[in-house]
Amino acid sequence: MLITKIFHILRDHFGCQLYWWPGDTPWEIVVGAILTQQVAWANVEKAIETLKDNNILEPEKIIAVDIDKLQQCVRPSGFYRQKSKRLVNMARYVLDNHLTIERMLSQPAISLRKELISINGIGFETADAIMCYAGSHPVFVVDEFTRRMTRCVGLPETEDYHAIQDMFMGELCGDNRLYKEYHGLIDELGFYYCKKSKPRCDECPLREVALSNR
DNA sequence: ACCCAGGTGGCCC
DNA sequence: GGGCCACATGGG
């Protein structure tokens, strides 16, 4: 019940975010999910804009373009050599195995997740973000903010990705919209109240829950 | 100047 | 099979 309660508190505090992940197409969401690894979203926007401006966002373009050019575009999002490679890996996989990202995403969740994880540069979180936000599969995405939040409110102590994911999905047995919304709200919470450098625990909308659950 | 941000894979033992 | 570490730019 606690997980459901937290959702309502967050939604009341931040309001509905509806389709929270920015991006006009599934592929753009995939690109964003890779570029945002370990980096604030603000850094990613510039990179995506540049890819669009140069008309090399699409998978066909990403595998065809000069790696130097790709790296220049990706640069603002950090780890640009790694991330360029990861975009190429992903694009090549889609084209070789499914032709389009839409076809790849439309397969059953189990096999889709296996495929995503098998691609070098796609881990648990990125795979789930792609499934949830680009593919509209009912999957809850766990990230650093989620871990911080669960620790903070006294939910069972674990760092394990799937343990945390199971905890949320077990209680919510949800629906894609709910998972989209919940993860978005947690990241809003993290962005405003749970910065590692200057957390604002005293003003956090979850402070009551955290106190009463100790 | 320093710390940190919506992770992942490789290497070492 | 867990614990480190490189990866790199940009903003506070």
Side-chain angles (χ1 to χ4, degrees), chain A residues 6-7 10 14 17-23 26 28-51 54 67-93 113-135 137 139-152 157-165 168 176 178-201 203-204 206:
Chain A
I6 290 171
F7 175 77
L10 293 179
F14 292 107
Q17 316 252 309
L18 259 40
Y19 310 118
W20 157 81
W21 194 295
E28 188 180 332
I29 293 172
V30 169
V31 171
I34 291 171
L35 294 187
T36 198
Q37 291 169 352
Q38 186 56 29
V39 150
W41 180 256
N43 292 13
V44 177
E45 283 179 328
K46 205 181 294 177
I48 293 188
E49 278 318 299
T50 312
L51 289 168
N54 287 273
I67 190 67
D68 290 337
K69 173 108 181 256
L70 184 59
Q71 289 182 353
Q72 289 314 308
C73 298
V74 168
R75 177 167 242 124
S77 73
F79 307 114
Y80 65 92
R81 281 185 285 262
Q82 261 192 357
K83 286 180 178 176
S84 298
K85 222 177 288 172
R86 291 176 182 183
L87 290 180
V88 172
N89 291 343
M90 182 67 199
R92 190 174 297 290
Y93 188 92
R113 192 164 196 271
K114 258 184 212 140
E115 288 196 352
L116 287 168
I117 300 285
S118 79
I119 300 166
N120 187 297
I122 311 288
F124 296 148
E125 183 185 333
T126 307
D128 287 338
I130 289 169
M131 292 181 60
C132 180
Y133 290 99
H137 286 271
V139 173
F140 180 75
V141 181
V142 175
D143 66 354
E144 182 53 30
F145 284 146
T146 313
R147 291 196 172 87
R148 226 174 267 173
M149 188 274 272
T150 57
R151 249 178 271 144
C152 195
E157 196 69 38
T158 174
E159 290 292 298
D160 181 75
Y161 187 94
H162 293 111
I164 298 176
Q165 186 177 47
F168 278 80
N176 172 255
L178 176 58
Y179 292 137
K180 274 181 176 150
E181 195 68 6
Y182 206 157
H183 176 72
L185 288 168
I186 288 173
D187 277 8
E188 288 292 298
L189 179 79
F191 186 80
Y192 290 111
Y193 297 100
C194 320
K195 300 262 193 201
K196 199 183 283 183
S197 39
K198 61 170 182 114
R200 300 164 52 202
C201 301
E203 305 161 72
C204 174
L206 298 181

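Throughout, protein chains are lettered first and strands after them, A, B, ... in sequence-line order, and every chain is numbered starting at 1.
What separates CD of Glu45(A) from C1' of dA5(B) is a distance of 14 Å, to the nearest Å. Between the CD1 atom of Ile130(A) and the C1' atom of dG7(B) there is a distance of 12 Å, given to the nearest Å. Rounded to whole angstrom, the span from the CD atom of Gln72(A) across to the P atom of dA8(C) amounts to 13 Å. In this entry the distance linking CE of Met90(A) with C1' of dG7(B) reads 16 Å, nearest Å.
Which of dG7(B), dA5(B), dA8(C) sits closest to the side chain of Phe79(A) comes down to dA8(C). Which of dA5(B), dG7(B), dC4(B) sits closest to the side chain of Glu125(A) comes down to dG7(B). When distances run from any side-chain atom of Lys196(A) to the nucleotides dC4(B), dG7(B), dG10(C), the shortest one goes to dC4(B). Set against dT8(B), dA8(C), dA5(B), the side chain of Asn43(A) has dA5(B) as its closest nucleotide.
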Check nucleotides 10-13 of chain B against the protein and report each pair of N or O atoms closer than 3.5 Å, with its distance, or say if there are none.
residue: dG10(B); atom: OP1; partner: Asn120(A); partner atom: ND2; Å: 3.0

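Across every non-hydrogen atom of Phe140(A) and Gln165(A), the tightest pair is O-NE2, 2.8 Å.
Ring pair Phe191(A)/Trp41(A): centre-to-centre distance not below 6.0 Å.
Using a 4.0 Å heavy-atom criterion, one finds that Ile119(A) contacts the sugar-phosphate atoms exclusively. Ile122(A) comes within contact range of the sugar-phosphate backbone alone, with a heavy-atom separation under 4.0 Å but no base atom that close. As judged by a 4.0 angstrom heavy-atom cut-off over every strand, Arg81(A) is placed among residues touching the sugar-phosphate backbone only. As judged by a 4.0 angstrom heavy-atom cut-off over every strand, Phe124(A) is placed among residues touching the sugar-phosphate backbone only. When heavy atoms are screened at a 4.0 angstrom cut-off, Asp143(A) is found touching the sugar-phosphate backbone but no base atom.
Checked for salt-bridge contact, Glu203(A) and Arg200(A) meet the test: a charged N lies under 4.0 Å from a carboxylate O. Ion pairing between Lys195(A) and Glu144(A) fails under the 4.0 Å rule for side-chain N and carboxylate O.
For the OP1/OP2 pair of dG7(B) and a distance below 4.0 Å, the side-chain nitrogens and oxygens of Thr36(A) include no atom meeting the criterion. Close to dT9(C), at under 4.0 Å from its OP1 or OP2, lies a side-chain N or O of Arg75(A). Contact check, Gln38(A) against dG7(B): a side-chain N or O comes under 4.0 Å of OP1 or OP2.
Positionally, the nearest nucleotide of DNA chain C for Gln82(A) lies more toward the 5' end than for the other of Gln82(A) and Lys198(A).
The shortest distance between side-chain heavy atoms of Glu125(A) and Val142(A) does not fall below 4.5 Å.
Neither side chain, Asn89(A) nor Lys85(A), offers a donor N or O lying under 3.5 Å from an acceptor on the other.
Relative ring orientation between Tyr161(A) and Phe124(A) is described as tilted, the plane-to-plane angle lying within the 30° to 60° band.
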